[in-house]
Amino acid sequence: MGQSGHDDHEHERGAHDGGGPGSIGNRLNWLRAGVLGANDGIVSVAGIVIGVAGATSDRPTILISGVAGLVAGAFSMAGGEYTSVSTQRDTEASLVEAEQRELDERPEDAEAELATSLRDRGLSEETAQNAARELSRRNPLRAHAVVEYGLDPDELTNPWQAALSSFLAFTCGALLPLLAITLLPAGIRVIGCAIAVIAALALTGFTAALLGGAPRGRAMVRVMAVGAATMAATYVIGSAFGVVTA
């Protein structure tokens, strides 16, 4: 196969195998929603069950409170993700539609803008014009959207994917403190749950830092401190409204 055929094959494969910028954005969006959802599920439900455990040692009461917090939090997180990502998708769709209108009404101007964008990225004037001309012959809308906005028109961010990821991640995260505080013996219920929560938060902090390229130790300490402060505050508040017998 010649070089031209090889390039065409690579171009087509990139357009269909999920390797474009839009598909990468969807994967990162899914991972981001998942990590944040798990972290919120751990912290919020841990705060609820430890706060209730500070007020009463009655296991069914603690369990019901935790389940209520899990259900409410999971739906809240999913709804928030759906709303925010839908707004992002609407913005992306508007940009793509505007680009399509420009291509339909002023194709020469659109090609000149593409050449300018390529030149701004370091290509020479002649190379930028030739590249813009070739890209416009193949798939002008995709070329303009990718180069100018970093968007793949066929792979816009998916609000349902983000919402489902957040819902499942929150639920999984929330199950850890819920199970820990209801399954452990009464004598070690609170401290055992707190240890499990801190360990889980260290993992989510590490994962979030890994995905974002941030310092891992600082991210882990930050989420662990927030979780510990949340549990301590809710336990103190719960204790103020009940008698601790656990």
Side-chain angles (χ1 to χ4, degrees), residues 29-85 159-212 216 219-246:
N29 182 55
W30 185 88
L31 289 170
R32 175 190 60 83
V35 171
L36 292 178
N39 186 79
D40 285 352
I42 294 168
V43 174
S44 60
V45 173
I48 290 172
V49 296
I50 285 186
V52 175
T56 178
S57 62
D58 184 60
R59 192 186 304 269
T61 300
I62 298 171
L63 177 61
I64 292 170
S65 300
V67 170
L70 184 156
V71 173
F75 277 99
S76 177
M77 285 290 296
E81 280 294 327
Y82 180 82
T83 300
S84 63
V85 177
W160 287 107
Q161 186 182 59
L164 179 61
S165 172
S166 184
F167 182 91
L168 294 176
F170 185 98
T171 300
C172 291
L175 284 173
L176 185 140
L178 182 61
L179 292 175
I181 202 141
T182 55
L183 296 179
L184 289 173
I188 60 170
R189 179 179 294 160
V190 172
I191 188 63
C193 178
I195 292 172
V197 165
I198 294 299
L201 289 176
L203 178 59
T204 62
F206 177 86
T207 304
L210 189 64
L211 292 173
R216 298 167 192 176
M220 293 169 65
V221 170
R222 185 164 52 237
V223 296
M224 290 163 61
V226 170
T230 300
M231 291 184 289
T234 56
Y235 186 78
V236 169
I237 293 171
S239 299
F241 288 93
V243 178
V244 180
T245 59

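Here, residue 1 is the first one in the sequence, and each next residue gets the next number.
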> Which distance, rounded to the nearest 0.5 Å, do you find between the CZ of Arg216 and the CZ of Phe206?
Replying inline: 4.5 Å
> Got a sec, which residues hit side chain to side chain donor-acceptor pair (under 3.5 Å) with Ser76, two or more places apart in sequence or on another chain?
Replying inline: none
> Atom CD1 in Ile48, atom CE in Met231: separation rounded to 0.5 Å?
Replying inline: 13.5 Å
> Does any N or O in the side chain of Thr204 come within less than 3.5 Å of the main-chain N or O of Leu201, such that one atom is a donor and the other an acceptor?
Replying inline: yes
> Which heavy-atom pair separates Ala209 from Ala219 by the least distance, and what is that distance?
Replying inline: CB-CB, 3.7 Å
>> With a 3.5 Å distance limit and no angle check, can you tell me whether Thr56 reaches the backbone of Ala53 through a side-chain donor-acceptor pair?
In response: no
>> Treating Ser239 as the side-chain partner and Tyr235 as the backbone partner, does any N or O pair qualify as donor plus acceptor under 3.5 Å?
In response: yes
> Taking all non-hydrogen atoms of both residues, which atom of Pro177 and which atom of Cys193 are closest, and how far apart?
Replying inline: O-SG, 3.6 Å
>> I'd like to know if the side chain of Ser65 reaches the main chain of Thr61, judged simply by a donor and an acceptor atom lying under 3.5 Å from each other, with no hydrogens or angles considered.
In response: yes
> To the nearest 0.5 Å, what is the distance between CG (Leu63) and CG (Leu179)?
Replying inline: 9.0 Å
>> With rounding to the nearest 0.5 angstrom, report the CZ to CG distance, Arg59 to Leu184.
In response: 8.5 Å
> Judged by atom type as modelled, is there a donor-acceptor pair below 3.5 Å linking the side chain of Arg189 to the main-chain atoms of Ser57?
Replying inline: yes
> Which heavy-atom pair separates Ala162 from Val85 by the least distance, and what is that distance?
Replying inline: CB-CG2, 3.7 Å
> Taking all non-hydrogen atoms of both residues, which atom of Val197 and which atom of Ala46 are closest, and how far apart?
Replying inline: CG2-CB, 3.6 Å
>> Restricting to non-hydrogen atoms, name the atom on Gly227 and the atom on Val43 that form the minimum distance, rounded to 0.1 Å.
In response: CA-CG2, 4.3 Å
>> Test: ring pair (Phe, Tyr, Trp, His ring centres under 6.0 Å). Region: residues 165-192. Which pairs qualify, not counting sequence neighbours?
In response: Phe75-Phe167
> Which of these, Ile42, Ile62, Leu70, sits in a side chain to side chain contact (heavy atoms under 4.5 Å, CB included) with Leu178?
Replying inline: Leu70
> Hey, what do you get for CD1 (Ile50) to CD1 (Ile237), rounding to the nearest 0.5 Å?
Replying inline: 13.0 Å
> Can you name the closest pair of heavy atoms from Gly47 and Thr234 and give their distance?
Replying inline: O-OG1, 2.9 Å
>> To the closest 0.5 Å, what do you measure between CG (Leu203) and CD1 (Ile198)?
In response: 13.0 Å
